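Scroll down for the structure; my scribbles are underneath it.
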There are 2 protein chains.
Amino acid sequence: MSVKGKYTIGLDYGTNSVRALIVNTATGEEIASAVWEYAHGEVGVILGRDPNLARQHPEDYLKGAELATKQALAAARRNVRGFKPDQIAGLGVDTTGSTPLPVDAQGQPLAFQPRFAKNPAAMAWLWKDHTSVNEAAEITALAAKLRPQYLAKCGGIYSSEWFFSKIFHCLRTAPGVFDTAHSWVELADYVPAALTGTEHPDKLTVGVCAAGHKAMYNDAWGGYPDAKFLSRLHPKLGALRVRLRAQAHTIDRAGGGLTPEWARRTGLASGIPVAVGAFDAHMGAVGAGIGPGTLVKIIGTSTCDILIAPNSKPLADVPGLCGIVNGSVLPGYYGLEAGQSAVGDIFNWLVNYLQPGGPAKGSHEALTAGAAKLRSGESGLLALDWNNGNRTILVDQRLTGLLMGQTLYTTPAEIYRALIEATAFGALTIINQFEKYGVKVKQVVNCGGIAEKSPLVMQIYADVTGRPMKMSRSAQTCALGAAVAAAVVSGAHKNYAAAQKAMTGLKQRDFRPDPAAHQVYQQLYPLYRQLHDAFGIRTWSGNLHNVMKQLIEIRNTARNA
Amino acid sequence: MSVKGKYTIGLDYGTNSVRALIVNTATGEEIASAVWEYAHGEVGVILGRDPNLARQHPEDYLKGAELATKQALAAARRNVRGFKPDQIAGLGVDTTGSTPLPVDAQGQPLAFQPRFAKNPAAMAWLWKDHTSVNEAAEITALAAKLRPQYLAKCGGIYSSEWFFSKIFHCLRTAPGVFDTAHSWVELADYVPAALTGTEHPDKLTVGVCAAGHKAMYNDAWGGYPDAKFLSRLHPKLGALRVRLRAQAHTIDRAGGGLTPEWARRTGLASGIPVAVGAFDAHMGAVGAGIGPGTLVKIIGTSTCDILIAPNSKPLADVPGLCGIVNGSVLPGYYGLEAGQSAVGDIFNWLVNYLQPGGPAKGSHEALTAGAAKLRSGESGLLALDWNNGNRTILVDQRLTGLLMGQTLYTTPAEIYRALIEATAFGALTIINQFEKYGVKVKQVVNCGGIAEKSPLVMQIYADVTGRPMKMSRSAQTCALGAAVAAAVVSGAHKNYAAAQKAMTGLKQRDFRPDPAAHQVYQQLYPLYRQLHDAFGIRTWSGNLHNVMKQLIEIRNTARNA
């Protein structure tokens, strides 16, 4: 084994906090970890009167890098006799996204200027900011007319969560910020740049993960969308085009070395390589040991589904997929990203907003216990998992939740289970879509908070999909992926295959489908799909008269079983 | 004014209790009232392993007549100086239904025989017993083939809640009870018969209300369904036909006089006339002052809607109506009955089964307060009021509830309001159906527990329908209707018009539609109707892609208003 450095560190920027994870590059052992919760807003999220607004203050990113790293190093010293910070050979970063922030001509966030310090438009536009729905629709419409190839790679619809929608919305609603900004940078690129002193637009390294999945970057048409196209949206967007980097990179490259200033602030060695940044889900896929045929599901408040396919062969466009980007996960492979806009968030909604029976009876624990006692199908309920819209395969945020089959005796546990099942049906719809377009799913590896915490969710996913649900060994798969990237760029491993083999793995326990439950879900899924298509697809035509009756039949059969 | 007796008494048999109400026949003043809760089962309802089963023990009916009357008389003595029981000139009875009970050759309930005392099949089959779904379907299918005229008068579908469905199910599942029974009697007929000693099948007086609405009785085809038709269902049902009474009667007739035994048990005068019995909703319509063009809505756990039309003119069959029966409400008029299978029961489901936030936050009071603060449309929610199936206009118990439009922030108060709105949309659907088939609704008078208790429900009904919601003056409109019947049969008034004029009236307060809210509901109702038709009507064909989007638009407009 060619191991040069003994440890690497991964920084994982989530919605509410940043985690630093220190990993043994030879074994994948996670020797220390620390989390720092962002200081601004509501647990790091700055909200506004518009419920669609969600921003973050970039101060939290830098302060978090410093504090989480220092705390993790302190923990490593406690946990491992003889541990020294200079044994850390490299650093990797993953973040939420698309989370772009406006920067000045030096690449510094506008929010660091006193006059913009409290202006939400000058901060980072968090992935879940949904203020830019109209602009997304305009971009989609124009691309459909002039550049259909752009849409073909991002599922046919450009999302309001993405880079140019947000910038365009800023241009319209906060022109002072837009005009002051020299350019915009994704958080996944900003953090490595800040740590390596390469924020300046001429030095900035841009990762292909964010650029490709959220900003229509593709080598096939010369990088970002062309200036003519952007100018048709707005001349100032066209003018911005030349200030974006020409080339985006895969994560086997280092954006630079840690600056002496950051070495001082964190306690790490100066000059260690910092890998090109990527989104949390993509790094999570790396940390879960992704390879061809392996679907990695990162299941948290929302879900990301990542697959890869060799870039040596052409790949069909998969309608409804969030993105197909060469090199966005691993070099040499197309990265395919799908996702569900809400999963844990739907369960949280039931627990936090409805809280049936009060805090004790309405807790996740109590509802899980009740739901686990139910047989598949016996509630007679069916739900759509669209409380936060549908990312894949409909790519439509103007969709909402639905629950049906209620009687006068429907219980909270039945609803909780129906919501879990709905997200499982959504997951199956994504798998089916991949396979329909020729991307075979040979195994499913799960990670993320919900996968870690809820055996019931995992069992239902197995029963609904009819596939074993395997579990990533690490409980911090995203941060582990960033540490794997650090191991590659630091030379601890010669490539990702070697690094993943050494550092990632599966838990012994997996969840196998129960044949009887699977048989029931094979009856329920067509009903879900019928609702899905009726409410979600403009060209659908048909009748729903059968749905309630079949749910009752399935319920009665399940109860008498 | 031709007033002979000063007071009458109405006995109102509900699902959980019986009420006795003593009324001044000259003024309608309700001088005393008493309620006795049934002793058997769960608050009077005997349940089984099958959740569709709901029975009552007839002992409760007789014990209730005695105790409620005695308590009401005692209260009258306390309330009115000089009151004497012999001032009560007559008695009227209304009950739930269809609630048939098997009786022996003397007309005595089988449940009074020790060997049947604990056999649910030998008890009264409560209106909401839904064990007979299959038999109802068979009756409907056979009638559609052989006797379409039967179905034309009961909305096109014979219900599992009704007389012959229940008897047929007893024949199939409890043949020992069926074979022992000489005949079956509706509760509305049994109580007056018991009080007047006319239970014997040769003496029994049958009311046209129960017979017409629930047992396909119609003078046009010689009363009950013919023996040939019933024999095709089962020869034993055909044989039963000859043991049913040939003629059914309107409520301007007395079934007999109170027996000395019942005079002794209750304290009433022996021989006072007891009016022919009718269902609670129909007597409620009388007590609410029903006349041509007046829709009386009795809104409780479920809702009954009653209209009348002169029988001097032919009346079109109204599809989906529960029944059109000559004389079922008032002599000289067709009685038209519609209804919603659950109204208050749906709100109770939310409060009792989901209880969002716990007992205090999830109470009717708290949810009503929260819901009252919301603007029409601003929740973005839309529900179907089918948790207990749909009586009118779909006549389909194999339908279930539906809630849509949920986000990650949907609150319990929003859901509570959406459920109220759903029942209002259901109410509007019934009004529209009446008017579509030529039965004009000139005013709406409401009564019943929900109408009494919830100004919010009444205001939403006004806003949704665009019509003033008037309120019956009496809080005990059903029992008052029975007392009005008693006033007519005792000669206190010469006819119903005179008795209603003297004894019934409206509250001063009514609920007027708010134009702005009505305008919003005019946008929401077509969406409700779209769901209603898509899930409820076999021949519907179309697309629901617009529904979630329009709900979001209505929501956004309402929030910005």
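Here the structure is a predicted model, which is why all the values come from computation and not from measurement. Order of the sequence lines sets the chain letters (A, B, ...), proteins ahead of strands, with each chain counted from 1.
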Does any heavy atom of chain B fall under 4.5 Å from the side chain of [X], the backbone, both, or neither of them?
X	value
A/Leu531	side chain
A/Ala342	side chain
A/Leu384	side chain
A/Thr539	backbone
A/Asp396	side chain
A/Leu551	neither
A/Ile346	both

field: Greatest number of heavy atom pairs closer than 4.5 Å to chain B - which of A/Thr410, A/Leu399, A/Asp345, A/Val547
entry: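 Looking at each option in turn, the highest pair count goes to A/Thr410.
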message: Just so I understand: if I count every heavy-atom pair under 4.5 Å between each of A/Lys361, A/Gln355, A/Gln406 and chain B, which residue has the most?
response: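 With the most close heavy-atom pairs to chain B, the winner is A/Gln406.
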To the closest 0.5 Å, what do you measure between [atom1] ([X]) and [atom2] ([Y])?
X	Y	atom1	atom2	result
A/Phe347	B/Leu408	CZ	CG	11.5 Å
B/Asn388	A/Thr407	CG	OG1	8.5 Å
A/Thr411	B/Tyr353	OG1	OH	9.5 Å
A/Leu544	B/Ile537	CG	CD1	12.5 Å

query: Can you find a heavy atom in the side chain of B/Pro412 that is under 4.5 Å from one in the side chain of A/Leu354?
result: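 Heavy-atom side-chain distance check passes, below 4.5 Å.
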- request: Write down the atom of B/His545, the atom of A/Arg538, and the distance for their closest heavy-atom approach.
  value: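 That would be CD2-N, 3.3 Å.
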- prompt: Which atom pair, heavy atoms only, marks the closest approach of B/Met548 to A/Arg398?
  reply: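 The answer is CB-O, 4.0 Å.
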query: Can you check whether A/Trp540's main-chain N or O pairs, donor with acceptor, with B/Asn543's side chain at less than 3.5 Å?
result: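 It does hold such a pair.
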task: Please lay out, stage by stage, how B/Met404 and A/Met404 fare under the test side-chain contact (heavy atoms from CB on, under 4.5 Å).
output: CA-CA 8 Å; B/Met404 65 179 291; A/Met404 64 178 291; over 6 Å; no
